[in-house]
Amino acid sequence: MQLVQLLPPGVSLLALVWLAVDAAFLTALLLYLQRGCDSGRSLLCSVFQDLIRYGKTKSGLRRPSWLQWFDIPKRCFWHFYFVSLIWNGFLLWILLHLLLQSVPVPEWLQAVLQFLCAGSEPQVLGGELSVVLAFSLLWLHSLRRLLECLFVSIFSNGVIHFVQYCFGLGYYILIGFTILGYCPLDRRTVSLDDLLMQGNWYHILGLTLYVWASLHQYTCHCILADLRKSASGAIINLKHAVPTGDWFEKVSCPHYFAELLIYLSIAVVFGLLNTIWWLVVLYVLLSQALAAVLCHEFYHEKFDSYPIHRKAFIPLIF
């Protein structure tokens, strides 16, 4: 707790963690765009390139052989969503029992939240409904992505770094603390009718954006999977090809853009005023932008006839 006492007034450790993550990815994005650390220039540059790339963007990368020791198959992405499904489902269950039945939050969880969120007063500007909806949308997103990884996506032999793997697991755990930390844990018991009465325009807008973005992301993942299938649905290769259709006509990585919109939709559900969640949205923006730039360059280098009008990440902008 001594660390918490050293923080500036009104600033929580959780906010500082997200600020640090945002700063790290902003630095990585700017460094890459400035071509300040090309692979092979030095050992440090090789490690940097190895940490920011995964999947197809790591293929053909010149790197020391010992870095391959840290390779994990990209198909292990489903681990992230499985952890999120269990962990954030557990936190949602605790929250609903607290709100609807006044079942106390476990002491260990209260201690962790106090450590992470001390210094910032919990606020529920849209009522308890905003927090319940945010958790529900995150849980549904994790469930859909898990099912897509297991039954839709066709993974090649691409890899991710062990550090990326550990970060992904920790990310979904931290997301749960971020949402739950926005709700006071000493709330009075509310009925289901009370929750529904808290509905507001931004809940409807956020849900609409979430559904729209999720449908497009699913469509894009299906398009990518179909590139490796025959007309009968059989897997015929693990090669990369130029995707077409839906948002692929505008950007190289529309599934990354949809991911950003999904997190923006949760910000809307919070009434646009959950400051720490905006730090999460900023992380998603920076991380997906970096991944999109790498994929965009991969397509242009591999396919001479790649459409030049496509942006990397955000239609008409970037």
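- Ser46 places a side-chain N or O within 3.5 Å of a backbone atom of Ser42 that can act as its donor or acceptor partner.
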Run Leu137 and Leu207 through side chain to side chain contact (heavy atoms under 4.5 Å, CB included) and show every step you take.
CA-CA 8 Å; Leu137 296 182; Leu207 288 172; 3.7 Å; yes
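- Proximity of Cys183 to Leu95: side-chain heavy atoms (C-beta onward) are separated by under 4.5 Å at one or more points.
- Under the 4.5 Å side-chain heavy-atom criterion for ILVMFWY residues, a single connected hydrophobic cluster contains both Ile160 and Ile173.
- When hydrophobic clusters are built by joining Ile, Leu, Val, Met, Phe, Trp and Tyr residues whose side-chain heavy atoms come closer than 4.5 Å, directly or via intermediates, Phe313 is grouped together with Leu290.
- Considering OG of Ser252 and NE2 of His296, their distance stands at 4.5 Å, rounded to 0.5 Å.
- Side-chain contact between His79 and Tyr165 is present, with at least one heavy-atom pair separated by less than 4.5 Å.
- Here the two rings, on Phe270 and Tyr202, have centers that are 6.0 Å apart or farther.
- Around the CH2 atom of Trp108, the shell of radius 6.0 Å holds more than 12 heavy atoms that belong to other residues, nucleotides or ligands.
- Using bins of under 30°, 30° to 60° and over 60° for the plane-to-plane angle, the ring pair Trp247/Phe257 lands in the tilted bin.
- Applying the 6.0 Å contact sphere to CZ of Phe82 captures no more than 12 heavy atoms from other residues, nucleotides or ligands.
- Looking only at side-chain heavy atoms (C-beta outward), Arg310 and Val251 stay at 4.5 Å or farther from each other.
- Side chain of Ser153 to backbone of Phe155: no donor-acceptor contact under 3.5 angstrom is found.
- A donor-acceptor pair is defined here as one N or O able to donate and one able to accept, closer than 3.5 Å; such a pair exists between the side chain of His203 and the backbone of Asn200.
- In this structure, Arg75 is not positioned above the aromatic face of Phe77 in the sense of NZ or CZ being under 6.0 Å from the six-membered ring centre and within 45° of the axis.
- At least one side-chain heavy atom of Cys166 sits under 4.5 Å from a side-chain heavy atom of Phe162.
- Residues Tyr218 and Val152 are in side-chain contact: their nearest non-hydrogen atoms beyond the backbone lie under 4.5 Å apart.
- Counting heavy atoms from C-beta on, the side chains of Leu26 and Asp22 never come closer than 4.5 Å.
- In this structure, the separation between CD on Glu259 and OG on Ser214 is 9.0 Å, given to the nearest 0.5 Å.
- For Phe151 and Trp78, the distance between ring centers is not under 6.0 angstrom.
- Side-chain atoms of Leu205 and Leu209, non-hydrogen and from C-beta on, never get closer than 4.5 Å to each other.
- A distance-only check finds a donor-acceptor pair linking the side chain of Gln198 to the backbone of Glu128 [under 3.5 Å].
- Side-chain rings of Phe303 and His240 stay apart, their centers remaining 6.0 Å or farther from each other.
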For Tyr182 and Ser130, run side chain to side chain donor-acceptor pair (under 3.5 Å): C-alpha distance rounded to whole Å, both residues' side-chain angles, the deciding distance at 0.1 Å, then the answer.
CA-CA 10 Å; Tyr182 195 64; Ser130 290; over 6 Å; no
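- When each of Val269, Val281, Leu272 is tested with Leu264 by the rule side-chain contact (heavy atoms from CB on, under 4.5 Å), just one qualifies, namely Val281.
- Of the inter-residue distances, the one linking Lys56 atom NZ with Cys295 atom SG reads 4.0 Å to the nearest 0.5 angstrom.
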Take Phe248 and Leu224 through the side chain to side chain contact (heavy atoms under 4.5 Å, CB included) test and state the conclusion after the steps.
CA-CA 10 Å; Phe248 278 109; Leu224 290 172; 3.7 Å; yes
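- Here the options are Leu133, Leu215, Ile262, the test is side-chain contact (heavy atoms from CB on, under 4.5 Å), and the partner is Tyr210; only Ile262 passes.
- Through direct or indirect side-chain contacts shorter than 4.5 Å among Ile, Leu, Val, Met, Phe, Trp and Tyr, Leu44 is connected to no other residue.
- At least one donor-acceptor pair under 3.5 Å links the side chain of Thr178 to the backbone N or O of Leu174.
- Using a 4.5 Å cut-off on side-chain heavy atoms (C-beta onward), Arg63 and Gln49 make no contact.
- In this pair, Trp87 and Phe90 present their aromatic rings tilted. The plane angle is within the 30 to 60° band.
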Side chain to side chain contact (heavy atoms under 4.5 Å, CB included) assessment of Tyr263 paired with Leu285
CA-CA 9 Å; Tyr263 279 82; Leu285 171 64; over 6 Å; no
Quick one: do Glu249 and His309 satisfy side chain to side chain donor-acceptor pair (under 3.5 Å)? Show the steps, please.
CA-CA 9 Å; Glu249 300 302 323; His309 68 276; 5.0 Å; no
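- Within a 6.0 Å sphere centred on CG of Leu196, heavy atoms belonging to other residues, nucleotides or ligands number more than 12.
- Close placement of the Tyr172 and Tyr81 rings is indicated, their centers lying within 6.0 Å of each other.
- In this structure, Phe25 has its ring center closer than 6.0 angstrom to the ring center of Tyr283.
- Distance CD/Gln110 to SG/Cys117: 12.0 Å, rounded to 0.5 Å.
- Proximity of a side-chain donor or acceptor of Ser136 to a complementary backbone N or O of Val132 within less than 3.5 Å is detected.
- To the nearest 0.5 Å, atom CG of residue Leu109 and atom CG of residue Leu91 are 6.0 Å apart.
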Output, in order, the C-alpha distance, side-chain angles, deciding distance and verdict of side chain to side chain contact (heavy atoms under 4.5 Å, CB included) for Val163 and Asp50.
CA-CA 10 Å; Val163 171; Asp50 206 49; over 6 Å; no
